[in-house]
Amino acid sequence: MENKEYESKNFIEEIIEEDLKSGKHGGRVHTRFPPEPNGFLHIGHAKAICLNFGLAEKYNGKTNLRFDDTNPATEETAYVEAIKKDIKWLGFDWEDREYYASDYFPQLYAFAHKLIDKGLAYVDDLTAEQMAEQKGTPTTPGVNSPNRDRSIEENKQLFTEMKEGKHADGSLVLRAKVDMASPNMLMRDPILYRIKRETHHRTGDDWCIYPMYDFAHGQSDSIEEITHSLCSLEFRHHRDLYDWLIQSLEIFPSMQREFSRMNVEYMITSKRKLLKLVTEGHVTGWDDPRMPTLSGLRKKGYPPVAIRNFIDKVGMTKRENLIDLSLLEFCVREELNKQADRVNVVLDPLKVVITNYPEGQTETLKALNNPEDEEPTYRELTFGREIYIDRKDFMIDPPKKYFRMAPERNVRLKYAYILNCEKYVLDENGKVTEVHCSYYTNTKSGEDNSGIKAKGTLHWVGAEGSVQVKVNLYENLFTDPTPDAHEGKDYLEFINPDSLQVIDGALAEASLASAAPGTVFQFMRTGYFVVDESSTTDEVVFNRTVSLKDSWAKKQAKKS
RNA sequence: UGACCCAUGGUGUAAUUGGCAACACAUCGGUUUUUGGUACCGACAUUCUAGGUUCGAGUCCUAGUGGGUCAACCA
């Protein structure tokens, strides 16, 4: 991109650059990320975060973090903390600009009075049902409320009483006086304030009336002098109201624009549905590695840079979309290939006895940590008469093009010797319990002048110098790419019963005994695995981040 | 029977704003390889349809078609 003469811009960048050119707001760019603290951030929020913070970075502007906390029934301080942690983890910084819509309650209340004074808002005592009835439908106009022409004085009186707690929950609301015949349902005298006796996570019981989204969001943008207020497509209809309120209130003209939400295969991003997964115990929590939450992806070992690269590749448009999961996984592998040290871990150990290797003898072998590093570093492996390989790396009767261990075959042990498979031992069920091999003494890695060929190279761990570890193998939480897009079918019907497989008896090379939680390793020939935060020196636990590409397995799968 | 938004390979985006449809992922095939990983090479499109304007249309105009959104005292 840097080498191009021009740089392709998305539609939001074009809008901003036009504003910059025309000198709007003195060339200032100020965005905001406005989560409601009623749940954890997910991959979809990452798009909004990257957009808002990214734009500010690009155009030398600022980004506010603002909690849209106008519904005390669902919001909690714990969510505030989790959200802040996730944004920081992604690598963004709102500096000292941490705001809350609830901080503006007094100002919003004053705005409401201003609207009443201008004859643009009224107090209504219709029930929710009556109001819905009078609202009409998208194709038929609504009818005016009998209270629509209440006098300004009476409206002020009633609204003040609402605030003072003189009326019951739900008995009165404040509505904007717009147009009951508007083709935009949102303009049919939308509710601005409702009475709700509920303890707010910040303002406690100070208020018993709370502003609705439409009377808080745009006004907060305006108060903070946000220049570009970016939200997802479903808020397009709100834009008319957004503008109407700003004009009526004669406040700072923030501008709202909408982009399409990101949908990723096998993931859902409805907070309600995610919450249900948590409360019904389909997952262990918001941060379960199978969740599309940022905390879940973190626990799964996804590097934040990978997520940012992914968002970057996905782009910014107004189209409906369904992104291949493989693109996300590509970004994760791309990053981890650079970052992760390679280690030997055998998930399903099969004992191999090297018959011509002296009993009781061991030797130390040098292993490269990461072939991608410019400055190579090494660690040591312990090799001996007994080692373990992965069970799937041995077959009694292999198919064509199987390069791994089989009777009478040669196979290379990575960083060690070439082995020749002499025989195997079966138990009473016909299961292979161990394999006997001999090794070619002059085939030691780096010193091999034997000319002996081996088609395959296997990872392994020595019986001596290995530790048992626990490994969580995660797969997609759902069996369907769009679990919540099937009419008449609940998304829970698509829960993958095999989304977690726990392996207790995996064997890892000794260096992993003291692996630090949060570190991601590449298990050679297997995949990327992160050390779980719960790991101790007594028990090391790994979570599978993503498997390595496996063209052999793919070919086999296609055959069957 | 409305209003608004959208339509480019399997997927997601580009196209210097009317001038040779490009990139990434995926898929398939190949080369290299002491990871069946990585890296590298190759293959993969009548730009939703029909008309129109133009020397020239993915881009502009008209009419269709298809998809999405909107009737919470949620955000």
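Computed over heavy atoms, backbone and side chain alike; hydrogens, waters and symmetry mates excluded.
Between the base of B:G37 and the side chain of A:Arg333 there is no donor-acceptor pair shorter than 3.5 Å. Between the side chain of A:Gln522 and the base of B:U35, a donor-acceptor pair under 3.5 Å is found. Not a single donor-acceptor pair, N or O on each side, falls under 3.5 Å between the base of B:G37 and the side chain of A:Asp550. With hydrogens and angles ignored, no donor-acceptor pair closer than 3.5 Å exists between the side chain of A:His237 and the base of B:A71. Side-chain atoms of A:Arg412 come within donor-acceptor range of the base of B:U34, with a qualifying N/O pair under 3.5 Å.
For the pair A:Lys196 and B:C74, the criterion of a side-chain N or O lying under 4.0 Å from OP1 or OP2 is met. Put simply, A:Arg342 has no side-chain N or O that comes within less than 4.0 Å of OP1 or OP2 on B:U34. Distances shorter than 4.0 Å separate none of the side-chain N or O atoms of A:Lys549 from OP1 or OP2 on B:U35. Proximity of A:Lys558 to the phosphate of B:C28: a side-chain N or O atom is located under 4.0 Å from OP1 or OP2. Under 4.0 angstrom from either OP1 or OP2 of B:U34 there lies no side-chain N or O belonging to A:Ser445. Contact between the side-chain N/O atoms of A:Lys554 and the OP1/OP2 oxygens of B:U27 is found at a separation under 4.0 Å. Within the 4.0 Å cut-off from OP1 or OP2 of B:G37, at least one side-chain nitrogen or oxygen of A:Ser551 is found. Contact annotation: A:Arg319 reaches the phosphate of B:U8 (side-chain N/O to OP1 or OP2, under 4.0 Å). The phosphate of B:A75 has OP1 or OP2 within less than 4.0 Å of a side-chain N or O from A:Thr70. Phosphate proximity of B:G12 to A:Lys313: absent, as no side-chain N or O sits under 4.0 Å from OP1 or OP2. OP1 and OP2 of B:G68 both lie 4.0 Å or more from every side-chain N or O belonging to A:Arg236.
Under the stacking definition used here (centres under 5.5 Å, planes under 30°), the residue A:Tyr213 fails to qualify as stacked on the base of B:A75. Applying the 5.5 angstrom centroid cut-off and the 30 degree plane-angle cut-off, the aromatic ring of A:Phe330 is not stacked upon the base of B:A24.
Comment: A:Lys444 engages A:Glu363 in a salt bridge, judged by a side-chain N to carboxylate O separation of less than 4.0 angstrom.
Between B:A14 and B:C23, the distance separating the two P atoms is 15 Å to the nearest Å. As rounded to the nearest Å, B:U46 and B:A57 have C1' atoms that lie 14 Å from one another. Distance check on atom P: B:U69 versus B:G30 gives 44 Å, rounded to whole Å. Nucleotides B:A15 and B:G9 are separated by 16 Å at their P atoms, to the nearest Å.
Shown here, B:C60 forms a base pair with B:G52; the pair counts as Watson-Crick or G-U wobble because both key distances fall under 3.5 Å.
Two residues are said to be in side-chain contact when any heavy atoms from C-beta on lie closer than 4.5 Å; A:Leu365 and A:Glu380 fail this criterion.
Checking B:A75, B:A71, B:U38 against every side-chain atom of A:Met185, the shortest atom distance belongs to B:A71.
A donor and an acceptor atom, one from each side chain of A:Arg257 and A:Ser229, are nowhere located under 3.5 Å apart.
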